[in-house]
Structures are given as C-alpha cells and as structure tokens.
Amino acid sequence: MSLIVLNGLSNLGTEVSKRPFLAGAVLFVFGFAYYLFTDFLKTYVRRPSHFVHKSVLSGLFGRKKFNAPLIERRPGESYREVLARGSALYPDRPYKIKHFPDEIVILPHQCIEDVRNNPESTLSFQQASYDFFLGDFTGITGHEKATALTIRRDVGRLLDSVYEIVQDKALTAILEEIGPCDQPTEMLLYPKVVNMIIKISQRVFVGEELSSNPEWLEVIRNCTGGAFRAVPELWEIHWLLRPFVAWTRMPMLRAVRRHKQRAKELLKPILETRLENMKDPSFKPPPDLLQLVIEGAPDGKGRDLNYQMEAQIGTGRAALFTTAATVYHLLYDLCLRPEYVEPLRQEALEVGEVMMTRQNVAKLVKLDSFIREAQRFNKFMLVGTIRKVTKPLKIATGDVLPVGTMTGIDTHFVHFNRSPLQDPEKFDGFRYLDLRSKPGNQAKYQAVTSGPDHLVFGYGTQACPGRFFAIHEAKVVIARILRNYEWKLVETPKETSVMNGLDGILNKVDPSVKFIFQKRQKQE
Ligand code: HEM
C-alpha cells in the first residue's frame with residue numbers, strides 16, 4: 001500500500017517538474033490549505049495546562065453524570081422560573097438544570113460551606129467559568145493560575161497606594177463622559193459609565209501613558225465586549241460544529257485576536273521602559289498592576305510581553321463590565337428609589353472635598369449599605385459560585401459528585417428565601433447600616449463582605465479578589481455624581497432592575513435606558 005502511495009507521489013513529482021504551471025497550481029493549493037489550517041488553529045485559545053483534560057471521547061459518549069432530579073425547562077419558561085420551581089421542590093437536596101455546557105447541579109444551601117472550604121484544586125471556579133464562557137474560543141478566564149493569585153494577593157495592597165490616582169481620574173472621567181450639563185441633558189448612560197470605569201481602572205492597571213491612549217482603551221473594551229458577546233451565540237451551536245462557526249461566523253472573535261495583537265504592540269514599549277528603569281536601583285516603580293505582575297508572577301514570567309498582555313486583558317475583562325454594570329444599576333436604582341438620594345448626598349457632602357482615602361471612604365456608611373442592598377437585588381448570574389468538580393467530592397448532603405460535574409447555587413433563593421434578613425423581599429437601603437450599629441457588628445455587613453447569605457462576589461477561597469477595588473471605585477464615582485448632579489430617567493421605568501434581561505442564566509444589562517443629567521445647584 002505504502003509503495004503505491006510513494007509511487008503515486010513520485011509520478012506526481014515528475015509530472016509537476018515537467019509542467020511549471022501545474023507546479024504553481026500545486027504550490028498554491030498546498031499554500032492555501034496551509035493558510036486555512038493555521039488560520040483555523042488560531043480560533044483555539046491555548047487551554048491552561050493545569051486544567052482537567054478534555055477528551056473528544058467524553059464529548060462523543062458523555063461522561064459519568066451525577067444522579068439527581070432534572071428540572072426540565074418548559075416551553076416559554078425562563079431560567080428564573082426553572083430555578084424557582086427547582087429550589088421550591090428540592091430546597092434541601094441537589095437538583096439539575098439543563099444548561100450549557102451540559103447540566104448544572106444546583107446545590108442546596110447546606111452545601112455552601114463545601115463551596116467555601118474547597119480550594120481551586122478540588123472545586124474550581126476558573127475551570128467552571130472557562131467551560132461556561134467557552135474559554136477555548138473566547139479566552140475568558142483562560143488566565144494562568146498565577147495571575148489570579150497575584151490579583152488575589154496584591155490588588156488589595158495596590159489600592160492603598162492609588163487613592164489619589166483613582167480620585168483624580170474619577171474626576172476627569174466623570175466630567176469627560178457626563179459633561180458639564182448646565183442644561184438638562186439627555187443621554188444613554190451605560191456606554192458613558194463603561195468609559196468612566198475603563199479610564200479609572202486602566203489608569204491603575206497600566207499607568208498614565210497607556211491609559212491615556214484611546215487606542216489602548218478601545219482594545220481593552222473590545223477584547224472584553226467581543227468575547228462576552230460571542231458566548232450566548234456559541235452556546236446554541238453543536239459542539240462538533242462550534243470550532244467551524246467560531247472560525248467562520250464570529251467576526252467578534254477574530255477582532256479579539258486582532259486587538260490582542262495590537263495590545264501587545266502598544267504594551268511593548270511601556271514594558272520595555274519599565275524593565276529598563278528597574279535596572280536603576282534608585283528607581284521607584286509606580287503603583288500599578290503592570291508592576292505587580294512583573295514582581296508577582298513566578299519565574300520572572302511577568303517580564304514576558306505575552307504573559308503581561310494576557311494578564312492585563314484578563315484582569316480588564318474581570319474588572320470592566322462588572323464594575324460598570326454595578327455603577328449603572330446603582331444610578332438606576334436611585335431613580336427608582338429617590339428617597340435615598342438626599343441622605344446619600346448629605347453624607348457625601350459631609351465627607352467634603354477631601355482625598356478619598358480608605359478612612360474617608362469608610363465614612364460613607366449609608367452609601368455602603370445602599371450598595372450592598374442594591375447588589376443583593378441586581379444579579380450578574382442567576383446561578384452563583386459556579387464550580388467544576390476536579391476530584392470526586394463528598395458534599396454536605398452525603399452525595400458524591402463525580403469529576404467534571406458543574407455546580408452552582410441559586411442566588412435568588414439564597415438572597416431571598418433562605419435569607420436571615422428581616423423582610424428580605426423588601427428593599428431597605430439602610431438595613432445594613434442598622435445591623436452594623438449593633439455592638440460587635442461594625443466590621444460586618446459591608447458591601448465587600450461575602451457570606452453564606454450574600455453571594456454577590458461569590459464565596460470562600462475563590463471569592464472575587466477585585467471586590468475591594470470595585471467597591472472603592474464605585475463609591476468614589478457615585479459620591480462625586482451625587483455631589484455634582486441631579487439625574488432622572490426619561491421614561492417611567494418598566495423594570496425593577498436594569499439587569500433583568502437574561503441569556504440563559506446570565507443576566508443582561510439593558511443599555512437602552514435614557515437618563516437626564518443636570519448640574520446640581522450647590523447650596524453648601
Ligand atoms: C462590582 C464588580 C465586580 C463583581 C460583581 C465581581 C464578581 C465576581 C464573582 C461573582 C466572581 C466569582 C467568585 C466566586 O464564584 O466565588 C469573581 C471572580 C473574579 N474577579 Fe470579580 N467582580 C467584580 C470586580 C472585579 C474587579 C474590579 C477585578 C480586578 C481588579 C476582579 C477580578 C476577579 C478575578 C481575577 C476573579 C477570578 C478569581 C479566581 O480565578 O479565583 N473582579 N468576581
């Protein structure tokens with residue numbers, strides 16, 4: 001057989017050498033095939049090496065599944081209703097819902113300590129979100145373990161050195177985006193809040209020069225937006241066809257690759273200058289994420305351009321729309337509940353025109369309480385604390401979850417049905433202020449405090465490491481807006497939350513809400 005093939009090839013070789021046109025055609029065909037093949041391969045993002053191996057066989061034949069009741073989605077039913085039905089039927093035992101990537105096991109509340117106590121190596125957030133957000137194609141949370149560790153360990157510390165920077169940048173970003181508004185000014189607020197947050201956070205992540213470059217901001221915005229936009233579309237495609245659809249029908253993913261390339265070009269001189277400056281023993285590195293990654297990544301990887309670029313894009317992705325959507329819903333919530341505006345404004349005015357340090361921001365206790373309560377009502381995902389089982393795991397109900405099981409907790413059920421709060425269904429913006437005023441409670445119930453009854457930032461060892469930064473940023477922005485502007489909605493709101501829309505179990509922001517802003521007549 002091999003002899004026949006060899007013979008055939010050598011005959012073709014002789015033919016080709018006799019006819020130059022044929023030779024050209026063969027070269028073109030092979031070259032084009034090679035181009036297509038390498039272009040196709042670019043569709044795949046490199047899977048982090050420490051992730052559980054994904055086999056084609058398990059795709060074809062399925063893997064061992066956890067045995068629990070399945071709550072089928074009825075025609076026309078939303079996942080909000082599916083979960084309400086499931087959690088009412090099985091409040092104390094696990095049940096399953098059908099949702100990408102396959103099935104999600106909804107754990108009952110008594111398993112929350114399993115979520116808290118199990119580390120990334122047993123019950124992995126990174127691997128769950130990588131699968132859920134199709135990291136193979138979108139790159140979402142496909143970061144190195146080390147990057148998450150660096151952020152977890154150092155971003156809190158970084159905050160202590162960047163108060164002035166956050167304040168200055170917030171001031172200019174708000175003015176640039178919302179504008180002076182001497183007259184009532186109608187605007188679509190969401191893109192403006194995204195721009196504000198991107199300007200502030202990128203100033204802290206990459207420093208003055210790069211964060212002032214509109215092209216860099218565009219790159220960060222598009223890498224985040226493009227990747228997330230692709231997710232619900234790819235969910236609908238059969239897994240065998242998905243690589244081809246991602247390759248041929250997803251211009252936003254192609255754009256993400258282009259933007260990453262551009263990000264590298266823009267980052268290169270900044271990183272090189274920083275590394276060069278660091279050779280001087282008297283050089284004082286500025287407080288930014290770039291420096292944290294240079295110093296914090298193991299084996300000097302933070303000095304590598306590709307590693308830095310991935311770390312910056314990954315962090316930007318985790319930080320951008322989450323914080324922007326939070327600030328946006330807070331401004332919307334204040335329109336829905338105008339009785340909170342004056343007390344919050346008074347508090348911001350009493351703190352005065354001072355540097356927003358940790359101590360001064362800590363004085364905004366009413367705002368902190370309002371933010372925590374508003375976040376309890378505004379969800380990013382109906383199913384929170386998503387995790388993937390990476391070692392067989394016995395949970396509080398006595399069940400054993402097999403490797404590969406995707407788990408999560410029904411956030412609404414936890415925040416409302418199993419809540420220890422009084423009248424949890426009622427929005428009470430200052431309820432945490434009251435709770436904190438009780439002896440021994442001063443440090444509890446803060447917006448950044450996650451707990452078994454408050455899953456806004458997840459829970460346990462894998463809870464959001466950026467929450468201290470996000471809440472600080474949100475408070476600085478909201479306090480400044482309260483001091484300087486009046487605002488209202490153009491139309492009577494139809495929704496109790498501006499994040500009520502759904503893509504599967506993902507909540508969506510409604511960017512189409514129009515606001516009217518006007519400069520506040522200062523009386524103080
Ligand atoms: C209001 C804004 C934010 C919200 C609501 C939010 C929410 C979350 C949630 C729910 C998780 C999953 C935790 C779990 O399941 O236990 C998470 C993880 C994460 N967040 Fe945030 N986040 C916000 C802002 C930020 C910011 C500003 C940063 C970066 C400075 C950040 C960095 C991260 C990272 C790196 C992870 C992954 C942690 C890991 O892989 O172990 N987040 N976030």
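Note that the structure is predicted; figures quoted are calculated from it, not measured. Whatever order the structure lists ligands and atoms in, that order sets their numbers, starting from 1.
Under the 4.5 Å side-chain criterion, counting only non-hydrogen atoms from C-beta, Leu107 is not in contact with Asp114.
Counting heavy atoms closer than 4.0 Å to ligand 1, residue Phe457 contributes atoms from both its backbone and its side chain. Contact annotation for Thr323 and ligand 1: heavy atoms of both the backbone and the side chain come within less than 4.0 Å of the ligand. Contacts of Phe205 with ligand 1, taken as heavy-atom pairs under 4.0 Å, involve the side chain alone.
Checking only distances, Gln126 does come within under 3.5 Å of ligand 1, N or O to N or O. Taking distance alone, with nitrogen or oxygen atoms compared against 3.5 Å, Arg467 stays at or beyond that limit from ligand 1.
Remark: among candidates Cys464, Ser450, Ala319, Gly466, the nearest residue to atom 18 (C) of ligand 1 is Cys464, based on non-hydrogen atoms. For atom 2 (C) of ligand 1, the nearest non-hydrogen atom from the set Thr322, Leu159, Leu330 comes from Thr322. Considering only non-hydrogen atoms, atom 35 (C) of ligand 1 lies nearest to Pro465 out of Ala447, Pro465, Ala474.
For the residue pair Asn500/Asn507, the side-chain donor-acceptor check at 3.5 Å is not satisfied. Side-chain contact of Asn360 with Lys363: a donor-acceptor pair under 3.5 Å is present, judged by distance alone. Donor-acceptor pairing under 3.5 Å is recorded for the side chains of Tyr459 and Glu113. Remark: the Gln446 side chain and the Asp368 side chain contain no N/O donor-acceptor pair separated by less than 3.5 Å. There is a side-chain donor-acceptor pair under 3.5 Å between Tyr95 and Ser87. Looking at Arg387 and Asn118, their side chains never bring a donor and an acceptor atom within 3.5 Å of each other.
By the 4.0 Å heavy-atom criterion, Gln462 is counted among the residues contacting ligand 1. Assignment of Arg387 to the shell around ligand 1 is supported, since a heavy atom sits closer than 4.0 Å.
Heavy-atom contacts of Ala463 reach the following atoms of ligand 1: 13 (C), 16 (O) (cutoff under 4.0 Å). Taking every non-hydrogen atom of Ala470 and a distance limit under 4.0 Å, the qualifying atoms of ligand 1 come out as 1 (C), 2 (C), 24 (C), 27 (C). The atoms of ligand 1 that sit less than 4.0 Å from any heavy atom of Thr385 are 15 (O). Per-residue contacts place Phe380 under 4.0 angstrom from the following atoms of ligand 1 (heavy atoms of the residue considered): 5 (C).
Relative to the ring axis of Phe416, Arg376 places its NZ or CZ within 45° and under 6.0 Å from the centre. Figure legend: Arg372 and Tyr432 shown as a cation-pi pair, the cationic atom lying under 6.0 angstrom from the six-membered ring centre and within 45 degrees of its axis.
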